[in-house]
*Asks:* 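I'd like to ask some things about the structure below.
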Amino acid sequence: MSAGPEPVPARRPGGPPPPPPVERRDKANYLNVSFGVKSWLLTTDHKRIALLYLASISLMFALGGLFAVAIRLELLTPGGDLVQSETYNKLFTMHGIVMVFFFLIPSIPAVLGNFLIPIMIGARDLAFPRLNLASWYVYMIGAAFTLYALISGGVDTGWTFYTPYSIVSNTHVVAAAVGIFVTGFSSILTGLNFIVTIHKMRAPGLTWFRLPLFVWAHYATSLIMVLGTPVVAVTILMVAAERILHLGLFDPRLGGDPVLFQHLFWFYSHPAVYIMILPSMGVISELVTAMSRKRIFGYGVIAMSSLAIAMLGFLVWGHHLFVSGQSAYAGMVFSLLSFMVAIPSAIKVFNWTATLYKGSVALQTPLLYTVGFIGLFTIGGLTGIFLAATGLDVHVHDTYFVIAHFHYIMVGGAIMGYLGGLHFWWPKITGRMYPEWWARVSAATVFLGFNLTFFPQFVLGYLGMPRRYHAYAEEFQVLNVMSSAGASILGVGYLLPMLYFGWSMRYGKKAPANPWGAKGLEWETDSPPIPENFARQPHVTEEAYAYAPSEVVVV
Amino acid sequence: MSETALPAHDAAHHPRLAHHFTDLTSQKDASSLGMWLFLAQEIMFFGGLFLAYTVYRALYSPGFAEASHHLDWKLGAFNTVVLIGSSLTMAMGVHAAALGHNRTTAGYLLATIALGGVFLGVKVVEYGDKFRHHLVPGAHFQWDGLHTRAAEIFYSLYFAMTGLHALHMVIGIPILAWMAWMAWRGRFSREYHTPVEMTGLYWHFVDIVWIFLFPLLYLIA
Amino acid sequence: MFRELPLWPDQASTMAGRVDALYVFLLAIGTFFSVLIAVLVVGFAVRFRRRSEDERPPAILGSTALELTWSLIPLGIVLFVFVWATEIFFAMNRVPPGAMEIYVVGKRWMWKTQHLTGQREINELHVPVGVPVKLTMTSEDVIHSFYVPAFRMKKDVLPGRYSTMWFEATRPGRYHLFCAEYCGTKHSGMIGSVVVMEPAAFQAWLAGGAAGGSLSAAGERRFAELGCQTCHRADSAGRGPVLDGLFGGTVRLANGATVQADETYVRESIVNPAAKVVAGYQPIMPTYQGLVSEEGLMQLIAYIQTLKAPAGRATPPAAGAGASAAEGAR
Amino acid sequence: MAHELEPTQDAEQHEYSEHVVPVGVYLAVFAALLVLTGVTVWTAHIDLGAVNTPLALAIAVTKATLVILFFMHVKYSGKLVRLAVAAGIFWLFHLIVGTAADYASRSRVNPAGRPGETMVLEDR
Ligand code: HEA
Ligand code: HEA
Ligand code: CUA
Ligand SMILES: [Cu+2]
């Protein structure tokens, strides 16, 4: 432990004026260091950029949620009576596009990752702060294109843009495609920034195997972002080109092969589902240890399983094509590989469970979300096994079984992790505590509403109700009503955090630096952190999650 | 956990050192890794088109051969030489920058721009020729050979791949011009010339893409 | 009550039972693991809840034995499931010989089916019970998917090529037919029913209205109308190859390759004749793309299938014989 | 104390070495690239049957390797940069091979099938 002179804030010539001196440590933090719209829109502070993202993706979530509400209302009755079928098709398309590309993919990485990664590794900022800001602008430009597509009439291709329908559809496919193309680059830039940061900016003593698991998860996620996203970008660009320039690459009338599109699309979009779940798994790894004040069980295995998921995730895209006309032999291989991805996921689930064993478990909101995540992810993941089983997928492909599968993982899993993380780090981000009682109520509401919404959809799917159906056969109604009822409960569950988080920013109890008694560099700095994150350069001398134990058990 | 003071950026530190790095070397390492990751991303971006090319070439090989004969391989070869030349001048530019010779750097960068311009000029001539001969896919596509559909797919790929490649050059040239301007103004030094290097990496990458495009498009037997 | 809240789909094909068995197995596995995890997580959380702020849990760093256990057991399970599922999948893809052939065309937003005997249906398909039926399907516009939940069978129907699917119905009745691949505005209206009938009833139905004669007869008429016989004549005096006995055999192409003369090949020969030129012939055949509908193409194919081989060509497989022949083959 | 201040980095501290490559190397690489371009054109104009395309690709790979190693200084760069290069190339390879495997096995397993066609295994 060595103490140098009080740090002098650094500055670049021509850069923004230096932040106030650090003597007023308890007062100056990244939130109050400067004011005004410009200080936010031109900031290069990763913490502020994280908040910019938080605001944007929350809006996008509300928008996607509104579409979901409209979908569920329409599906209350079997006849397509609430909206026209054109409208319905636009609703689920926009719901999928907004939720996937504009909410879930950026959610944890761009908000929590952006905020926490530099702090967790003891750095002042990401490696490329201006690139970080640029990626937010790129995201906003992409969102603007997509919103334009929406306002000027919508898109109706489904979020998958399958050709040749997306070539002949007379809706605003090009605008939406450009929107996704552009946002893709935001995700690439974020991933690139994370990789370089994690390699190059770690504090002294912070070796790879001392990194928090959240950072490992983001490292794996970033690999997928950098290596997968460009493929969907160019694919979607080709679709736009087919529409504008009449190239014939995917159009069978011109000799193109629509199945090639599906290969290209899923080459990215399957790994993309791991972009959506890995960060959430990272959050859960942090939460289980912090909430049980106990070393994580199997640190190395969890870290490596993130990488394994990222790698194996690139090998399985063909499992979306079992009935598409892909060769049955290719289907067989893709099926086998899909089963293999289940193993690292299983490892994580079991290790989290084992971590709770003999812990000192605080039954607070973050833990409730953790428990919810583990349960719902398990169900979602295990139904993924059903889908990866070729002979069974032939029946349930493109039915509500698939819808239920991925909502279990993305809504039940990923969003639970996101909300859990948001609650856990909220004191750090805002310096205020959220109201614990309301938070527990909302966690319970989300859990109940969620299961009521999506469990019946498994049954519907096995009964054979196809997805993307505006009107459906009468016998499916009861289950659909259950699902819609659940969705309204779920909606309330999501509305609550939006309200009390907003409330707490002003009225919440002031948060101490480490309200959870948790380990990790982020808890060593102020809440909210000072602009340069740490007053002094931290040195790391111990493993991650080194809670002082009663005894060390080596099994 | 222990800590030390944040590195004090005293007056002696290099003006180009950003606040969150401790020294120029690590800053440069970060840039160079970042650039390489960006190029890995670019490989995948072009990769989608190369995949489409592979699939259709396998499906329609006679048609592709027929269609390829309507491309002028001499122009293609000429452009290959031009682009390789520009890669050389680019490498020399980086070399000069590393030695701190700002004016020389600017000169090499201008030469690179000029060669890039020649390349694009030839491309314009070629594209114009395709327009005149109705080889642009779409409603006006005409083909008097056997394999009309395969030829149209071939030309779809031709325009998509060379177009995207040319777009990368069109983006690269202003960046080169900017670098040349900065070099001319003496902004680089032995210690700090990362932007020139990064631009160089980008330009060489564009060259590599063309190295593959040339035989794949112009020289199908 | 249970009429309103159905929990299990009808089982009406030979595949249904096999798929359901796998499903039940997976349900059991899934329930077991979900309950196990839920009980452990909730149990640990409650049992080891924090009772005082100064509790110090032990540090349990990990255990190789446990890690291996919970990797290898799931691995074993998924490998088992893999083998089982793949077996079903290949059975689904392997059309039994001599299956009764029916042609299906999907277009936005209807299903058109044609029997070899000439019956044409819209959004309906009549099939006999106990007979393997092979569907040869194509689309006139975008991708559709032919889905009969009661059969547990589904296959995408693509434009520009034929996809095949087969099933053997086991229970008479009327079952849902859905389009399962999103195809635009009225995707959810692209539905119909599959009517499974006792063989006798089916024969009676077949005898009913075959307005235009059999499929191959329709094809023969089209062959004449389109002027195909000006070049393709049975006496090899035409400018084009003799088509008798073509179907099912192999064809040598001008570029040296050989191809199998199946539906897709014949279709391509008509709509894009230059793509594969028969050895010894000039590519003079005009394209009929746009001149013949997908249904017309299927009729032509059915007709070409019936052209029996003169001595020397490979024998085409039994085709065009309808239900009775298919039954015989079983 | 100075070295303590440096953030932890991967084993090799300097990804990018200040190695200044002699100009002669650049010129030699340039000459090699020109020669190889000539060879590509030449071999394309003689009929080698199935060998033509692989040969053209092999030459292109050689040229690309030269550019990457010398012009782009990968020969003098650290492990991490090499890893990034390798990852890019490997993933591209994987994208193409994975998809091509589907197309190739469509024709191989079904004698009646050709690439681009729905596969059916028929017991004929
Ligand atoms: C975050 C998103 C996410 C995640 C993580 C996953 C994870 C998985 N998915 Fe999912 N999937 C989607 C999102 C996701 N999926 C989406 C959006 C679609 C539809 C796209 C569309 O068409 O619109 C889809 C569709 C989809 C299909 C195609 C279905 C079809 O269209 O016909 C398949 C098929 O194989 C599949 C499989 C899997 C598998 C095997 C996993 C595995 O990774 C799951 C692994 C996890 C576990 C297995 C649970 C934990 C393990 C245990 C508790 C131990 C016990 C385990 C065993 C005994 C095996 N998914
Ligand atoms: C991250 C991804 C994500 C998320 C979070 C959700 C969330 C939800 N989805 Fe989503 N869904 C998809 C991704 C997602 N979905 C995708 C990819 C598809 C496929 C699309 C396609 O086929 O192309 C799909 C399709 C899909 C369908 C199938 C449509 C069809 O095939 O016909 C249904 C039907 O029930 C559905 C329902 C829901 C519901 C009820 C929620 C609920 O969880 C939503 C709950 C949220 C709310 C109820 C909003 C809460 C309220 C607020 C936030 C504030 C209110 C706003 C203001 C005050 C302004 N979704
Ligand atoms: Cu046809 Cu959906
Ligand atoms: Cu997938």
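Chain A is the first sequence line, chain B the second, and so forth, proteins listed ahead of strands; every chain is numbered from 1. FYI, side chains are in, hydrogens and waters are out, and symmetry mates aren't considered; it's all heavy atoms of this structure.
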*Asks:* What side-chain hydrogen bond (donor to acceptor under 3.5 Å, both in side chains) pairs are there with at least one residue in residues 219-237 of chain A, not counting sequence neighbours?
*Replies:*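 Residue pairs passing side-chain hydrogen bond (donor to acceptor under 3.5 Å, both in side chains), neighbours aside: A/H199-A/Y219.
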*Asks:* What distance do D/W91 atom CH2 and A/L223 atom CG have between them, rounded to the nearest 0.5 Å?
*Replies:*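 Taking CH2 in D/W91 and CG in A/L223, the distance rounds to 6.5 Å.
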*Asks:* Show your reasoning for whether side-chain contact (heavy atoms from CB on, under 4.5 Å) applies to A/F267 and D/T99.
*Replies:* CA-CA 9 Å; A/F267 180 85; D/T99 308; 5.8 Å; no
*Asks:* For D/Y103 versus A/V259, what's the shortest heavy-atom pair and its separation?
*Replies:*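 Minimum heavy-atom contact is OH-C, 4.1 Å.
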*Asks:* So which part of A/L315 gets closer than 4.5 Å to some heavy atom of chain D, the side chain, the backbone, both or neither?
*Replies:*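 Both parts, heavy atoms under 4.5 Å.
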*Asks:* Do you know the tightest heavy-atom contact between A/A330 and D/S105?
*Replies:*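 Closest heavy-atom pair between A/A330 and D/S105: N-OG, 4.0 Å.
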*Asks:* Report the relative orientation of the aromatic rings in D/H94 and A/F314; use parallel for angles under 30°, tilted for 30 to 60°, perpendicular for over 60°.
*Replies:*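 Perpendicular: the ring planes of D/H94 and A/F314 meet at over 60°.
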*Asks:* If you compare all heavy atoms of D/L95 against all heavy atoms of A/W317, which two are closest, and at what distance to 0.1 Å?
*Replies:*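 Closest approach of D/L95 to A/W317: O-CH2, 4.3 Å.
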*Asks:* Would A/Y329 and D/D102 count as having a side-chain donor-acceptor pair, cut-off 3.5 Å?
*Replies:*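 Judged by distance alone, the side chains do not pair up.
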*Asks:* With sequence neighbours left out, write down each residue that passes side chain to side chain contact (heavy atoms under 4.5 Å, CB included) with A/A546, or none if nothing qualifies.
*Replies:*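 Checked A/A546 against side chain to side chain contact (heavy atoms under 4.5 Å, CB included); matches are A/R295, A/E542.
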*Asks:* For A/L260, is it the side chain, the backbone, both or neither that has a heavy atom under 4.5 Å from a heavy atom of chain D?
*Replies:*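 When you check distances to chain D, atoms from both the backbone and side chain of A/L260 fall under 4.5 Å.
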